[in-house]
Every structure is written in structure tokens, then in C-alpha cells.
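Worksheet: the structure to be examined is printed underneath.
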Amino acid sequence: MAAALLANTLYSLGFVLEKRALTSLPEVTIRRPARLLRLVVGSPLWIGGSLALAAGFAAQLVVYRTLPIAAAQGIFVSGLVLLVLLSARLLGEETSGRERYALGAILLALLMVVLSLREGSDTVSQDAPYPLILLVCVPSLAAGVWLYVSAERRTRNRHRRPTTGVEYGVAVGLLYGVSSLAIKGVSSRLTTHGIGGAVLDLLSSPYPYLLLFTGVFGLVMSQAALQRCRASLIVPVCTTVTSLFTAVLGTLSFGEALPDEPLRLALRVAGTALAVAVLLTMPKHDTAPQPSPPAKELASP
């Protein structure tokens with residue numbers, strides 16, 4: 001639990017720092033990934049945000065070794081409250097009334113998932129068949145990249161109203177969902193005795209290669225999306241998609257059984273359905289004012 005709360009804090013802080021750094025950089029795009037990487041690695045503030053996210057990744061490894069997947073996701077998404085507060089305080093972002101209701105409904109949905117858990121009765125699986133993992137992950141990666149490219153194409157239309165970033169959030173969330181399953185798989189491979197055996201066991205699995213793909217593409221896609229859209233909206237959408245993907249498909253892939261008690265099963269299914277319904281009804285166009293970066297950040301170096 002402590003590791004999960006620490007991961008929440010580090011992830012929220014990391015995203016906010018990266019967003020603040022991106023406001024002072026020239027426009028970045030996935031069509032020029034080398035330029036994007038060169039710009040962001042030259043920003044100390046962005047580096048600080050990345051280090052916070054990396055530390056959150058380490059804390060997430062600990063969580064997956066001790067909690068069932070669904071329980072971990074329920075706790076991770078509770079960090080959305082902290083993210084929205086930090087975005088308002090450090091970025092000056094404001095959410096509309098409809099968006100606040102949507103975020104509240106998401107938190108309610110994930111509370112239902114958490115209430116469906118019972119300590120001692122939910123198993124923590126440590127393995128999954130590789131063909132099943134690839135069957136789940138490869139189409140999801142393709143869908144995420146396709147959705148992101150489609151959103152980019154629509155955004156470049158000058159006559160379109162500003163986007164809230166829901167499409168971007170869903171696309172990146174699919175990639176991070178695959179990454180989350182890979183992190184779960186890596187944590188299970190680290191149980192082998194001896195460093196050499198653990199490394200060989202890990203390299204013979206698909207998990208490090210999934211992490212490499214999602215790490216590279218997720219970095220480029222998330223930074224371009226984060227620069228265009230409000231962190232207080234795109235990150236919650238991305239986090240919710242990631243959590244639902246991991247909780248549902250991860251639970252099935254790793255063989256962690258669903259609750260056998262009717263009430264707990266109903267809470268978990270209803271919570272998942274509510275979160276999906278909220279995502280489908282969230283506003284697609286931005287009506288909240290975008291904060292302007294501080295004047296000193298707009299000055300030429």
C-alpha cells in the first residue's frame with residue numbers, strides 16, 4: 001500500500017513537471033521524434049519529471065509483487081485527485097463542471113473495484129502464457145498507434161475546435177496498459193534465484209521487448225499530446241484506460257480469479273462498466289481556457 005501511494009505521488013509530480021517544461025519548448029510532433037527527444041532532454045525541468053516517473057516505475061514493480069492486479073490499479077487511479085490538484089496549483093489549469101463530474105464518476109467506479117477486493121482471498125499470480133500475452137498486447141499496440149495517428153490527422157485541421165485530448169489519452173493509455181502488463185511480467189521474472197539466471201529468464205520472455213516498444217513510442221506520443229492538451233484531463237483519461245486495460249486483461253492473462261461472491265463480482269463489473277461509460281461520454285472539444293506560460297518561459301534563450 002505504501003509503495004502504491006508513493007508511486008501515485010511520483011507519477012503525478014512527474015507528469016506535472018513534464019507538462020510545465022513542455023509549455024516553454026517549441027511545438028513537438030511525433031513526425032520528428034529525434035527533434036522531440038533533443039528538445040526534452042535539454043530541459044532540466046523535464047529531466048526532473050522523468051526521474052520522478054522512473055522512481056514511480058520502481059515503486060510499481062514492488063506493488064505488483066505484493067498486490068493483485070485489480071487491487072493495484074484501483075489504488076493507482078486514486079492518484080488522479082492529486083494530479084488534478086497539482087495541475088491547478090502549478091499549471092493554472094481549470095476543469096469544467098462536466099469534467100469534474102466525470103472525474104468524480106471515475107473515482108467512484110474505481111472505489112467500487114477496490115471494495116470488490118478482499119485481503120487474503122485474492123491471489124497474486126506470477127506467470128502468464130507468452131502466446132496469450134502477445135495475443136493481448138500486439139493488437140492493443142497497433143490500435144493505440146492507429147488511434148493516435150488518426151487524432152493527429154484530425155487535430156491538424158484548422159477548422160476543428162480545440163480537442164480535450166480524450167483520443168490522445170485513450171491511445172497512450174493503451175500503450176501504457178501494455179507496458180503495465182510487461183511490468184507485471186518483469187516483476188514475476190525477478191523471482192529467479194541468482195542475477196544471471198534472472199537476466200536470462202527475463203530476456204527469454206517478451207516482457208523487456210514490450211517495455212522497450214512502449215517506452216520509446218509512449219515517450220514520443222505522450223509528450224506531443226501533453227504539450228497540446230491539459231494534463232488535468234489527458235492524464236486521467238490515459239490513467240483510466242491503462243488501469244481498466246490492466247485490471248481486466250491483466251487479470252485474465254495472469255489467471256487471477258474474479259470474485260466468486262455475487263456482491264463483490266457485481267461491484268467489480270459495475271465499476272469497470274461505469275469507468276468505460278464515463279470515458280465514452282467525456283467532452284471531445286475543449287471549452288476550458290488554456291493557461292498561458294509565464295512570460296519568462298516564452299523568452300528566447
Side-chain angles (χ1 to χ4, degrees), residues 1 3-5 7-8 10-12 15 53 56-80 83 106-107 109-114 116-117 122-130 132-144 147 169-189 205-208 210-211 213-215 217-218 221-222 235-259 267-269 271-276 278-279:
M1 182 72 72
L5 295 176
N8 277 348
L10 291 169
Y11 279 136
S12 297
F15 277 122
L53 291 176
F57 168 82
Q60 195 175 3
L61 281 175
V62 176
V63 175
Y64 279 141
R65 289 175 61 87
T66 55
L67 286 178
I69 291 176
Q73 296 310 307
I75 297 172
F76 286 147
V77 179
S78 66
L80 294 179
L83 184 280
I106 287 174
L107 291 175
L110 291 156
L111 176 61
M112 294 167 69
V113 173
V114 172
S116 73
L117 303 166
D122 293 293
T123 58
V124 182
S125 177
Q126 298 296 335
D127 202 5
Y130 294 160
L132 179 58
I133 289 293
L134 293 175
L135 182 62
V136 168
C137 293
V138 173
S140 301
L141 293 174
L147 181 60
V170 173
V172 178
L174 287 173
L175 262 71
Y176 284 167
V178 172
S179 179
S180 192
L181 290 188
I183 293 172
K184 169 68 175 178
V186 169
S187 71
S188 68
R189 299 296 96 190
S205 73
Y207 302 123
L210 290 174
L211 276 179
F213 182 92
T214 56
F217 279 82
M221 291 165 57
S222 64
V235 175
V237 171
C238 175
T239 303
T240 302
V241 172
T242 299
S243 296
L244 289 175
F245 181 96
T246 309
V248 175
L249 296 181
T251 296
L252 297 176
S253 299
F254 283 88
E256 295 182 354
L258 293 171
L267 283 171
R268 190 167 300 185
V269 172
T272 301
L274 176 59
V276 172
V278 171
L279 282 177

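The basis for the numbers below is simple: all heavy atoms, side chains too, and nothing from hydrogens, waters or symmetry mates.
Here CZ of F57 is found 10.0 Å from OG of S180. Values are rounded to the nearest 0.5 Å.
Closest approach of L10 and G56 over heavy atoms only: CD1-N, 3.6 Å. Among all heavy-atom pairs drawn from A182 and L211, the shortest one is CB-CG, 3.6 Å. Closest heavy-atom contact between S140 and L174: O-CB, 4.0 Å. Nearest approach of G144 to A171, heavy atoms of both residues: O-CB, 3.3 Å.
Residues passing the side-chain hydrogen bond (donor to acceptor under 3.5 Å, both in side chains) test with Y207: none are found, sequence neighbours excluded. A search for side-chain hydrogen bond (donor to acceptor under 3.5 Å, both in side chains) contacts involving S179 returns nothing, not counting sequence neighbours. Not counting sequence neighbours, the partners of L141 by the side chain to side chain contact (heavy atoms under 4.5 Å, CB included) test are L175, V178, L210, F213, T214. Residues satisfying the side chain to side chain contact (heavy atoms under 4.5 Å, CB included) test with C238, not counting sequence neighbours, are V172, Y176, T242. A search for side chain to side chain contact (heavy atoms under 4.5 Å, CB included) contacts involving P129 returns P131, L132, not counting sequence neighbours.
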